[in-house]
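I have placed the structure first, in the form of structure tokens, so that the comments after it can refer back to it.
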Number of protein chains: 2
Amino acid sequence: MDKPVTIYDIAKKVNASAATVSRVLSNSSYPVSLEMSKKIRKVAEELKYSPNMLGRQLKKNNSMTIGVIIPSISNPFYSEIVLGIEEVARNNGYHVLLCNTHQSLELEHEYLQTLIEKQVNGLIISSVILNKDMLSEYIRRKINVVSIDQMIEDADIYQIGFDYRKGGYMATSHLIAKGHRKIAFVTAPLDRPSRKGTYRGYLEALEDYGIKPLESWLQVSERGEEGIEGGTWEFAIGKKLTQRLLSLEQRPTAIFACNDMIAFGVINELNNQGIEVPGEMSVIGFDNIEMTQMIYPPLTTIGHPKYEMGRFAGNMLFDLLKGVESNIKEVVLQPKLIERKSVEVLLDEER
Amino acid sequence: MDKPVTIYDIAKKVNASAATVSRVLSNSSYPVSLEMSKKIRKVAEELKYSPNMLGRQLKKNNSMTIGVIIPSISNPFYSEIVLGIEEVARNNGYHVLLCNTHQSLELEHEYLQTLIEKQVNGLIISSVILNKDMLSEYIRRKINVVSIDQMIEDADIYQIGFDYRKGGYMATSHLIAKGHRKIAFVTAPLDRPSRKGTYRGYLEALEDYGIKPLESWLQVSERGEEGIEGGTWEFAIGKKLTQRLLSLEQRPTAIFACNDMIAFGVINELNNQGIEVPGEMSVIGFDNIEMTQMIYPPLTTIGHPKYEMGRFAGNMLFDLLKGVESNIKEVVLQPKLIERKSVEVLLDEER
DNA sequence: CTGTTAGCGCTTTCAG
DNA sequence: CTGAAAGCGCTAACAG
């Protein structure tokens, strides 16, 4: 078992000191004669030297790594965000340590801790359960954290959010503009800021147009088993909630789902029961994940700039790491209506 | 800016040596008096000590990290695999450094290199472009690597594959069993072992049943722009290739897509053109990603044990890291027909 | 049971 | 321009 080659091995071979070798191989600005420099590089090549970053990182106290904590990478919503973050991390020479909490408070805690131990330089987090206190360790250690998508109340961290309320309002008023009055809202539990916001937007739109919401048109699912809350679960609740809706005496003419996965479930169940979308029932989703273009009919939904949010958060974090202080601590990204084919105008006589 | 607390700070406070502190805080089996041990833990708590893993890792020459290289996490096929790997990594106390190559040879090279520099203990890779030579550095350094899904020819590494040929055979013979004779194969470029295998299976099934394949029923897309080859691209080629198929004089009665994303494109185009699935055209996919259950009609496809493949690869790797040598270097996972609703029997008179 | 010492691989003063 | 030496935080012989 041949020992890994270090700068000392190279130093010996070229009759130089480890310091000099380090200086050239780490591209330091420190002056080294061209001749020496060349020789060192040549030998490094020959010996197939590759630096041990642990050494450097320990010395510099800089891991060149940022942590990213999200519920689950298998959720396409998050995978787009992560792709955005990764791109800017790579451009800055950083690596990403990705952590999937699977909605488990315990796991989230654990990751928060090990990321500190691994000496991450910064953290980007989209947490469902996080509060200010849990981040205190980071703040104390002056590790920069930026929170995305889910706002954390009055924590002293940078946040980049999304206006869910407005999105909910847009979706609902679009439906109203198309002539719908009986609009159901189908959602996973209203336990996160994002969903609460969307729901508020829904309510406000109805109110602004003088529509009194029927209680039974708000369909909220039970909490899912933590951990298995993948796309399948959301799809399933979309189906179940739709069944309930269809068994109502007063059926709605349009369904607003709090996210696209649930909307897929809604449409699927509608199809199963032979109800045509959008002919007999309009459906609108939320998030605009890639798949919305791929189903039939293509889903009308609310656009959420996921990739951009990731890039934005990444850039913000790296600015902070570079010491570029900003006094903008909070930015809110804006929703956008994406019209496709799952919503149809409702004629007066059908109301 | 308060300096991070180290074991020395604790040692000073309790009048012990750093060694002793290290012994208790790293849960070493080395004997330390209960009294001392308690005191140390208490002070560690008070000082909010958290170990710097870089120090330990450098000393132990063990990063407790494995690298995972895949094309893109935004592809649901890979995200499931990764979830499987992550689970076993976590159970073993390891972290995963995830790298998305976006089909770029350059990026792949770069990652291969930086992972070595970061001193990963092992590597799991599903590479499209990898060959034996590119792994030589790893082999030389005795870093264990296990390759998944895409077999690498006669490299001295562990491999866990999937029988694409058999999958292709199963899909095609299922179609044949349902009465189809005019079966098109719609695929991304046949430049990877997996797709080649699937295609071979398709051919063999046709031959076994005495069906001569029409050349125009093999529809291969052009290469996509590297990097943007996400789900949208595959969806798009599914659509485009279907258009070509439909413009043929001799139309097929069934379409076999080399993966589910492409199958979604196929179905979408069929829908657009008012062709009913499966009534007028049967469609079968490949991979059984989650979304296949969510579209309408639910897609008949070939099951690929993605999550299990991830777990399998992870377990194999950790066995190797633990020194459990195995003489099984190659294992091939098996396909499974998943019957849903996108294939219909073709009556004799329709042939 | 505890402490001393050396050193993992690298960078960085500080002197030459 | 080059080198010697110290040290990042931690662990592991070795000696007591």
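In what follows, chains are A, B, ... by sequence order, proteins preceding strands, each numbered from 1.
Note on S22(A): a base of the nucleic acid sits closer than 4.0 angstrom, heavy atoms only. N15(B) comes within 4.0 angstrom of sugar-phosphate atoms only, judged by non-hydrogen atoms across all strands, and of no base. Note on N52(B): only backbone sugar-phosphate atoms sit closer than 4.0 angstrom, heavy atoms only; bases stay farther off. Here S28(A) lies out of heavy-atom contact (under 4.0 Å) with every strand. Nucleic acid contact class of K60(A) (heavy atoms, under 4.0 Å, all strands): sugar-phosphate only. As judged by a 4.0 angstrom heavy-atom cut-off over every strand, S33(B) is placed among residues touching the sugar-phosphate backbone only.
The distance between atom CZ of R23(B) and atom C1' of dG3(C), rounded to the nearest whole Å, is 8 Å. Put simply, NZ on K59(B) is 10 Å from C1' on dT5(C), counting in whole angstrom units. In this entry the distance linking CG of L54(B) with P of dC10(C) reads 14 Å, nearest Å. In this structure, N62(A) places its CG atom 16 Å from P of dC10(C), rounding to the nearest Å.
Contact between the side-chain N/O atoms of S17(B) and the OP1/OP2 oxygens of dT4(C) is not found at any separation under 4.0 Å. Under 4.0 angstrom from either OP1 or OP2 of dG9(C) there lies no side-chain N or O belonging to R56(A).
In terms of position along DNA chain C, the nucleotide closest to Y8(B) lies nearer the 5' end than the nucleotide closest to the other residue of the pair L58(A) and Y8(B). Comparing P31(A) and A18(A), the nucleotide of DNA chain D nearest to each residue sits closer to the 5' end for P31(A).
Nearest approach of Y138(B) to L112(B), heavy atoms of both residues: OH-O, 2.5 Å.
Contact check of residues 109-119 of chain A against DNA chain D (heavy atom, cut-off under 4.0 Å) returns no residues at all.
A donor N or O paired with an acceptor N or O is found under 3.5 Å between the base of dT2(C) and the side-chain atoms of Y30(B).
Between the axis at the start and the axis at the end of the helix from dC1(C)-dG16(D) to dG16(C)-dC1(D) there is an angle of 40°, using five pairs per end and rounding to 10 degrees.
When DNA chain D is scanned in the 5' to 3' direction for atoms under 4.0 Å from non-hydrogen atoms of chain B, the outermost contacting nucleotides are dG9(D) to dA15(D).
By the neighbour-count criterion of 12 heavy atoms within 6.0 Å, atom CZ of F312(B) is sparsely surrounded, having that number or fewer from other residues, nucleotides or ligands.
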